[in-house]
Amino acid sequence: IGVAPMVGGGVVDVGALARQHVDGGAMVALEQVDADRVDTYTLVEVLAAWDRIEAMAAYYKRMVAHRLATRPQAPARTSRRPAAEIAFRLGATRQHARGLIDAGAAMTSGAGMITAEALRAGVINAAKADMLIERTNHLPAELALAVQEEALTGGGGLRTLPQLRRAVDQTIAPVDP
């Protein structure tokens, strides 16, 4: 169960890939899975492993957006602000680009580092990470970290976004009315 044949021969333990920290090797292995030859359970594990890789990519996307926003702009290169440049390149709104920058900024400071690690490791997806950052960014760093840790240790990765949002709000309510 959870072992899938690869297109070129051999097998890959996708169940393990769906539960471990992701890396380039996991992505290469997943690309080789012969999805037509696996059972339903294994295919769900393949999907879960790809979800972890997507989360890792979301982490790096936010970190790079923040780095771009904090880099001094060379006037000859661009006249746009970083959010506008990101929005243009990604075909997204400036609001979305600003959200990437803000999430990356929060994840590089103490207040968002727990969420950053959970996203990078694929424990949570980008929507959950963005919600955690948005809901705790206004709190003092120590409280933000405590709220994020409580939310993530209470099954954060397996909760739906609305369930996680409620858990975060219930954790914040007594200390930040």
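These figures come from a predicted structure and were not determined experimentally.
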Is there a path of hydrophobic side-chain contacts, each under 4.5 Å between heavy atoms of I/L/V/M/F/W/Y residues, joining L161 to L152?
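In one cluster: yes.
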Is there a path of hydrophobic side-chain contacts, each under 4.5 Å between heavy atoms of I, L, V, M, F, W or Y residues, that connects I53 with V44?
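Cluster IDs for I53 and V44 differ.
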List, one per line, each side-chain donor-acceptor pair under 3.5 Å for residues 96-112, sequence neighbours excluded.
unit_1	atom_1	unit_2	atom_2	d
R98	NH1	D102	OD1	3.0
T108	OG1	G104	O	3.4
T108	OG1	A105	O	2.8
S109	OG	A106	O	3.0

Could I get the full list of side-chain hydrogen bond (donor to acceptor under 3.5 Å, both in side chains) partners for [X], not counting sequence neighbours?
X: N125; answer: none
X: D51; answer: none
X: E117; answer: R120
X: Q163; answer: T160

For E54, is the CD atom crowded, meaning more than 12 foreign heavy atoms sit under 6.0 Å from it?
no
With a sphere of 6.0 Å drawn around CZ of R94, does it hold more than 12 non-hydrogen atoms of other residues, nucleotides or ligands?
no
Suppose we screen for side chain to side chain contact (heavy atoms under 4.5 Å, CB included). Which residues come up paired with V11, at least two apart in sequence or across chains?
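Only V3 meet the side chain to side chain contact (heavy atoms under 4.5 Å, CB included) criterion with V11.
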To the nearest 0.5 Å, how far apart are CE in M131 and CD1 in I124?
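The CD1 atom of I124 is 8.0 Å from CE of M131, to the nearest 0.5 Å.
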How far does CG of N137 sit from CG of D130, to the nearest 0.5 angstrom?
11.0 Å
For the residue pair T171 / E150, report whether a side-chain donor-acceptor contact shorter than 3.5 Å exists.
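Note: E150 and T171 side chains miss the donor-acceptor criterion.
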Side-chain donor/acceptor of T42 to backbone N/O of V38, under 3.5 Å
no
